[in-house]
**Student:** 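If you scroll down you'll find the structure; I have some questions about it.
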Amino acid sequence: MSDIDMLSTQLFEEAKRFLEKALEESEAAAAREAYAHAALLLAFSSLESHINAVADELTLRPNLHVLDRSILTEKEFALEKGRFIIKDRLKIYRFEDRLSYILANFSSSDPFASGKPSWWPALSAGFNLRNKLVHPKENIQLTAAAVSAAMQAIFECLNALFTAIYNRPFPSFKRGLQSSLNF
């Protein structure tokens with residue numbers, strides 16, 4: 001297992017444990033909210049880390065078009081001397097667009113073939129919560145239930161990604177949102 005795979009897994013396990021702590025906390029509302037904040041942010045960091053690891057592996061495939069490499073590596077491309085090349089400049093794509101692109105173009109079974117997957121609306125709602133927390137413009141009240149729904153969507157997204165790209169389920173899929181950590 002590579003370093004990025006280990007980090008991706010660790011982040012999600014930590015997110016699951018913080019969610020458990022948010023659900024267990026019955027006395028202090030401030031503690032519940034702090035655990036929910038931590039769970040949500042770590043879960044989305046894990047998702048992005050997993051997507052980056054998959055994208056890095058996909059760049060090893062032969063005969064990739066420059067646009068594929070640009071999206072996978074988040075590098076700018078340009079036309080120079082009649083050929084498209086990858087530049088060493090960052091080109092950020094919306095995370096949802098990049099995820100959709102990977103699933104639609106590199107999978108054996110496109111989860112978007114018959115519309116958006118069932119987990120997509122909850123994932124989008126989770127992104128909205130994450131964005132409100134990361135780019136605050138107002139006080140956001142996160143509940144453990146909302147974080148749990150977002151994390152379940154992340155989990156289902158990762159399972160769909162692994163199934164589509166590697167033809168196997170996400171490694172910890174059977175365990176669900178139960179953490180292996182005990183802090």
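None of the values given here were measured: they were computed from a predicted structure. Along the sequence shown, residues carry numbers from 1.
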**Student:** Tell me every residue that passes side-chain hydrogen bond (donor to acceptor under 3.5 Å, both in side chains) with Ser179, counting only those two or more places apart in sequence or in another chain.
**Tutor:** none
**Student:** May I have the list of side-chain donor-acceptor pairs in residues 141-167 shorter than 3.5 Å, sequence neighbours left out?
**Tutor:**
residue	atom	partner	partner atom	Å
Thr143	OG1	Ala146	N	3.0
Gln152	NE2	Glu156	OE2	3.1
Asn159	OD1	Phe170	N	2.9
Thr163	OG1	Asn159	O	2.7
Tyr166	OH	Glu57	OE1	2.6
Asn167	OD1	Ser108	OG	2.9

**Student:** By ring pair (Phe, Tyr, Trp, His ring centres under 6.0 Å), which residues pair with Trp120, not counting sequence neighbours?
**Tutor:** Phe112
**Student:** Decide, yes or no, whether a salt bridge links Arg98 with Glu48 under the criterion of side-chain N to carboxylate O below 4.0 Å.
**Tutor:** no
**Student:** Do Glu20 and Tyr35 make a side-chain contact, defined as non-hydrogen atoms from C-beta onward lying under 4.5 Å apart?
**Tutor:** no
**Student:** Sorted by first residue and then second, give each salt bridge (Lys or Arg N to Asp or Glu O under 4.0 Å) pair with at least one member in residues 163-178; sequence neighbours left out.
**Tutor:** Glu13-Arg175
**Student:** Quick check: is Leu47 connected to Leu133 through a chain of hydrophobic side chains (ILVMFWY, heavy atoms under 4.5 Å apart)?
**Tutor:** yes
**Student:** According to the ring-ring contact (aromatic ring centres under 6.0 Å, His included) rule, which pairs have a member within residues 85-106, sequence neighbours left out?
**Tutor:** Phe95-Phe127
**Student:** How would you list, by chain and number, every residue that makes a side-chain hydrogen bond (donor to acceptor under 3.5 Å, both in side chains) with Lys87, sequence neighbours excluded?
**Tutor:** Glu80
**Student:** Are Ile102 and Ile71 in one and the same hydrophobic cluster, where Ile, Leu, Val, Met, Phe, Trp and Tyr link if side-chain heavy atoms are under 4.5 Å apart?
**Tutor:** yes
**Student:** Would you please indicate if the ring centroids of Phe12 and Phe44 are separated by under 6.0 Å?
**Tutor:** no
**Student:** For a 4.5 angstrom cut-off between non-hydrogen side-chain atoms, does Phe77 reach Ile85?
**Tutor:** no
